[in-house]
Amino acid sequence: MDQEKKESEHEEMEEEVVEDGDSVIEEEVMDDDVEYEEVEEEPYVEEEYVEEEYDEDGEGTSENPIAIEETATDDDGANEDADNADGGDDAQEVSSQQGDEEQGLIQDSDQARDLDEKFVAPRNPPKSSGLYWIICLLILALLGGMAGLGYELTKEEGNKSRSIDLSSTTPTNPPTIATVSNFDAIQGNCDNYESLTTPHPYDQCACAESINNIPDDIASRYNYLLSAFVGSLYGEGDWLAEDASSCLPENQALVWLSTAENSLFSEAEQQERFALATFFSATQGMQWTDKQSWMSSFDSCAWFGVECDGTSAAVISLENNRMKGTFPPEMGLLSGLRDVYLTRNELEGPIPESLFLIPDIQMVDFSFNKLTGPVPPTVGDAKKLIHLNLESNFLSGLISKRIGEAELLVFLELGGNELEGSVPVEFYQLSRLEMLDLKGNQLTGTISTEISRLFKLTSLGLGPNEFTGSIPTEVGDLLQLTSLTIRRVPFTGKLPDEIAQRLTNLVDLTIVDTGVNGLLDPVYTTMTSLTSLDLSNNMLRGALPPELGTMTKLEKLLLTGNLFDQTIPSQLGRMKALKDLRLNDNQFEGSIPVQLGDLLALEVLTLDENNLVDRLVGGVCELRSKKLTTLIVDCAAQDGPQLTGVICAVPDCCTTCL
């Protein structure tokens, strides 16, 4: 009778649980190291299963008895715990109050008990199989949701972006304390630091190496911004600051942004102030030559070097401003930025990819800094980029083929770095280029014939580099060229006649320190627009064409270090504009033409390391009283009965003899 009564009570309780939509959760504990609190023992309700028998005392009679304890709660469901006994030990009776749903802890209000090495759930399902599957589905849904949340909080995108871990930041609603406080103005030194009431975060980091003096209202707003503002800016990226005391540039900026004076600006303006404040900290702003109004309560458009279109920063111009440190990726938050001029500073580290993801970016000048790393491939995303100047840094790695996607590029200056590898063929898609500077790198391979596609080029610099092969004749297709520089490149072969025949606009032609050989074709004397011709240190040979005298606009003629021989043409005396004539280190012979004395604009004349024999009087010597400051010849010497060298009075005529 008692047994039937108990079964009846049990069925009623089961129906009540189903009707209320509550679920019974069975948990399996796999780890000995998990500590459980005491579990309160209460009278249990026996339930008969098909394969189990129980005696009147509640003891199992099967070989592996399972004790079931069941406690119904008001509206929060019930937890069932079963312990599988070994070797016929008495089953332990367990009943728990409402479980902690977030932590999954088993609580006991009376006493702690030891758990077996493995906490095993009952093997047999209850009679109500529908309830069993409902429980399983709920468990799977709970686990899936928790896994999804964990994934979203920890997912990273390589090393490019910063992910934010908000697990330590609880505030997600607007701060409950009104923000009325501000920090003291930046001092820039630690002389009176102890007397400051609320030192600026930048001063705290400079003087105390951490930010510990933060008024409560600023701290409240900081926590709000950390969860709401920062989360919206960084998305899936990394927020590197561990807490408010961190002196990372972005955290200094966020603490400053949490003040009352900054809360008056719109969300878009706060985003710009945050980006600029991070930039100020990352580049040691207190050491800048000019930092007028920076980090003040004034609109950021009034800060030195910041120009705006409306209320949005469009131009950052801080050239030669004694900036050090790194250019932070937060500058990519300046969504209206158009031009960045930071030449001749001491910026280090990589160029952030985010800069070239700004939709309207057109001009970037980081020349003459100490930047490292590759040229960001995101240059290809800058669809409005016109001018990119990264000259004279320490950039390395390959040139990304994606650079060819920046189809509006007009000026590309990559000289004076450590770039390597070959020039990708996609590079020659930049058909709008007018200036291309690759000199001073470690680029290899050949210059593709595709270079003819850059038909708008006016200036081309190819060396120093490690290119091989010969100078492609397709260079002659670049009809707009006014300057061509090939210096310290191991090219071989002859000078392409196409350069002289077709590039009639050339003003400056420099082909220096190469393996170019052969004769200097007279066709080069037809380049009547040239003002500078430098063919030094090649393997050119033979006589100089006398037609050089027709190049009346030429101001520099540098032919040092070749194999030219025979006599110096007297027609050179007709080059009235010539200021610099260097013929040293060749195999010229004979005397020095007196016609060179007609070169009244001449400032430098070097004739040493040749086979010239002469006595200089009048003529060339008289140029010393005009503009000639350097005249170098081989010293006269007696070689048996034969005189060698040039007799020239030093310093009245020659400045020195060698």
Side-chain angles (χ1 to χ4, degrees), residues 179-215 217-219 221-222 225 240-241 243-265 269-270 272-308 313 315-331 333-334 340-349 366 369-370:
T179 307
V180 296
S181 300
N182 292 302
F183 289 106
D184 297 332
I186 299 180
Q187 302 300 305
N189 59 68
C190 301
D191 296 342
N192 301 313
Y193 179 74
E194 297 298 332
S195 64
L196 299 175
T197 304
T198 314
H200 196 284
Y202 294 82
D203 288 326
Q204 292 192 48
C205 287
C207 302
E209 299 183 350
S210 64
I211 307 173
N212 295 315
N213 189 342
I214 306 177
D217 58 332
I218 294 180
R221 181 169 177 77
Y222 170 89
L225 292 177
L240 299 180
D243 53 50
S245 66
S246 170
C247 282
L248 288 173
E250 60 267 33
N251 192 62
Q252 294 185 47
L254 189 63
V255 174
W256 171 76
L257 192 68
S258 304
T259 59
E261 60 188 13
N262 283 302
S263 66
L264 302 177
F265 291 90
E269 290 171 325
Q270 289 186 54
E272 291 209 348
R273 293 172 76 82
F274 171 73
L276 292 171
T278 302
F279 172 67
F280 184 83
S281 176
T283 57
Q284 302 180 25
M286 292 309 300
Q287 307 303 319
W288 292 359
T289 301
D290 198 332
K291 52 184 177 292
Q292 182 178 354
S293 298
W294 277 77
M295 310 313 299
S296 70
S297 60
F298 294 132
D299 189 300
S300 57
C301 294
W303 297 0
F304 174 77
V306 179
E307 300 177 22
C308 293
V315 179
I316 305 295
S317 181
L318 295 168
E319 305 101 315
N320 197 22
N321 202 38
R322 211 168 68 178
M323 303 172 68
K324 297 183 178 181
T326 61
F327 186 86
E330 284 76 10
M331 290 295 278
L333 297 173
L334 300 178
V340 182
Y341 301 94
L342 299 177
T343 183
R344 299 188 184 279
N345 284 288
E346 296 183 42
L347 297 176
E348 301 175 336
F366 284 142
N369 278 281
K370 299 179 180 180

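Predicted, not measured: the structure shown is a model, and the values here were computed from it.
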Exercise: do Tyr222 and Asn251 side chains pair donor with acceptor under 3.5 Å: yes
Applying side chain to side chain contact (heavy atoms under 4.5 Å, CB included), can you list everything that pairs with Ala277, at least two apart in sequence or on another chain? Tyr202, Ala253, Trp256, Met295
A side-chain contact here means heavy atoms from C-beta on lying under 4.5 Å apart; do Ile316 and Met331 qualify? yes
Counting N and O atoms only, with roles assigned by atom type, does the side chain of Asn321 sit under 3.5 Å from a partner on the main chain of Asp290, one being a donor and the other an acceptor? yes
Check side chain to side chain contact (heavy atoms under 4.5 Å, CB included) between Asn182 and all other residues, then give those that pass, not counting sequence neighbours. Thr259, Ala260, Glu261
Has Asn345 got a side-chain atom pairing as donor or acceptor with Leu342's backbone, closer than 3.5 angstrom? yes
For Lys370, which residues count as a salt bridge (Lys or Arg N to Asp or Glu O under 4.0 Å) partner, sequence neighbours excluded? Glu346
Treating Trp288 as the side-chain partner and Thr283 as the backbone partner, does any N or O pair qualify as donor plus acceptor under 3.5 Å? yes
By side chain to side chain contact (heavy atoms under 4.5 Å, CB included), which residues pair with Asp191, not counting sequence neighbours? Asn189
Does Asp184 have any side chain to side chain contact (heavy atoms under 4.5 Å, CB included) partners at least two apart in sequence or in another chain, and if so, which? Leu196, Thr197, Thr198
Check whether any side-chain heavy atom of Ser246 lies under 4.5 Å from a side-chain heavy atom of Ile211, and answer yes or no. no
Is there a side-chain contact between Pro215 and Phe183 (heavy atoms, below 4.5 Å)? yes
Thr343 meets the side-chain hydrogen bond (donor to acceptor under 3.5 Å, both in side chains) criterion, sequence neighbours left out, with Ser367
Of all residues at least two apart in sequence or in a different chain, which pass the ring pair (Phe, Tyr, Trp, His ring centres under 6.0 Å) check with Trp303? Trp294
Residue set satisfying side-chain hydrogen bond (donor to acceptor under 3.5 Å, both in side chains) with Gln187, at least two apart, ordered chain then number -> none
Can you list the residues that meet the side-chain hydrogen bond (donor to acceptor under 3.5 Å, both in side chains) rule with Ser281, with sequence neighbours excluded? Gln252
Of all residues at least two apart in sequence or in a different chain, which pass the side-chain hydrogen bond (donor to acceptor under 3.5 Å, both in side chains) check with Glu272? Ser312
Quick check: do Thr289 and Asn320 have side-chain heavy atoms less than 4.5 Å from each other? no
Derivation and outcome, side chain to side chain contact (heavy atoms under 4.5 Å, CB included), residues Leu347 and Thr326: CA-CA 5 Å; Leu347 297 176; Thr326 61; over 6 Å; no
Glu330 and Glu250: side chain to side chain contact (heavy atoms under 4.5 Å, CB included), yes or no, with the steps? CA-CA 8 Å; Glu330 284 76 10; Glu250 60 267 33; 3.9 Å; yes
Partner residues of Phe366 under the ring pair (Phe, Tyr, Trp, His ring centres under 6.0 Å) criterion, sequence neighbours left out: Phe327
